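Contents: one structure, followed by commentary.
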Amino acid sequence: MKRLLLVLCLCVAPLGPIGCNSSPSERVQAVTTLKAIGLSVDAAMKVSAQLLKDGKINGEQWGKIAVAHARFQQAFKLAISAVQSDLTPASPDLIKLGGELLSIVATYQPKAS
């Protein structure tokens, strides 16, 4: 599961164009960033649900994840509305909230033996 979280974190990291002289438009970058953040958070929630199901986290830990997810969802919906309106969508706050959720889930991962 640590590998999954590592992959998720890498998805959120800003990636530059590879082998291309022209950069994508800001809107394309915004959509790509939102998609990566959304997919990462969705995957983190699936991992969290499995951890809860397996009894590896308790209700209090799940509650912290749920609170962080609710805050993220509000900001994410606003960002989607902004990108649809061609405004600046992926604020540092949104990226921070997504990272916060991933960090909480990562702290609850069982340690490898």
Side-chain angles (χ1 to χ4, degrees):
M1 285 204 210
K2 285 185 178 184
R3 287 183 185 165
L4 175 62
L5 282 176
L6 177 61
V7 170
L8 295 175
C9 289
L10 292 175
C11 288
V12 177
L15 300 173
I18 298 172
C20 180
N21 291 334
S22 62
S23 62
S25 73
E26 287 182 33
R27 185 175 174 98
V28 170
Q29 288 178 338
V31 170
T32 302
T33 301
L34 281 173
K35 185 175 181 180
I37 292 169
L39 291 173
S40 296
V41 169
D42 284 345
M45 290 306 292
K46 288 176 184 171
V47 168
S48 302
Q50 188 63 47
L51 289 172
L52 182 64
K53 181 180 175 184
D54 294 344
K56 297 190 179 186
I57 62 172
N58 60 36
E60 182 181 336
Q61 293 168 320
W62 175 257
K64 288 180 182 179
I65 293 168
V67 167
H69 187 251
R71 289 178 38 221
F72 170 82
Q73 283 296 91
Q74 290 175 339
F76 191 68
K77 287 178 185 175
L78 194 60
I80 289 172
S81 294
V83 80
Q84 289 172 342
S85 300
D86 202 19
L87 302 174
T88 305
S91 72
D93 290 338
L94 177 65
I95 294 169
K96 180 183 172 193
L97 287 170
E100 180 182 319
L101 181 96
L102 294 173
S103 294
I104 291 170
V105 173
T107 62
Y108 297 149
Q109 291 288 317
K111 304 292 183 225
S113 311

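Values in this document were obtained by computation on a predicted structure and should not be read as measured data.
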Nearest-0.5 Å distance that lies between atom OG in S48 and atom CD1 in I104: 9.0 Å

On a heavy-atom basis, which atom in A79 and which in L34 lie closest, and how many Å separate them? CB-CD2, 3.6 Å

Pairs in or reaching into residues 38-75: which pass ring pair (Phe, Tyr, Trp, His ring centres under 6.0 Å), with residues at least two apart or in two chains? F72-F76

Nearest heavy-atom approach of L101 to A68 is CD1-CB, 3.7 Å

Atom CG of L51 and atom CG of N58: how far apart are they, to the nearest 0.5 Å? 11.5 Å

Qualifying salt bridge (charged side-chain N to carboxylate O under 4.0 Å, His left out) pairs, either residue in residues 63-83, two or more places apart: R71-E100

With heavy-atom distances below 4.5 Å as the criterion, would you say the side chains of Q61 and T107 are in contact? no

Please name the pair of heavy atoms, one in L102 and one in S40, separated by the smallest distance, quoted to 0.1 Å. CD2-O, 3.8 Å

Atom CG in L94, atom CG in L78: separation rounded to 0.5 Å? 9.0 Å

Begin with the C-alpha distance, continue with both residues' side-chain angles, and end with the deciding distance and a verdict on side chain to side chain contact (heavy atoms under 4.5 Å, CB included) for I37 and L97. CA-CA 10 Å; I37 292 169; L97 287 170; over 6 Å; no

So do the side chains of V105 and I57 get within less than 4.5 Å of each other, counting heavy atoms only? no

According to salt bridge (charged side-chain N to carboxylate O under 4.0 Å, His left out), does anything in residues 34-44 pair up with another residue at least two apart or in another chain? List the pairs. none

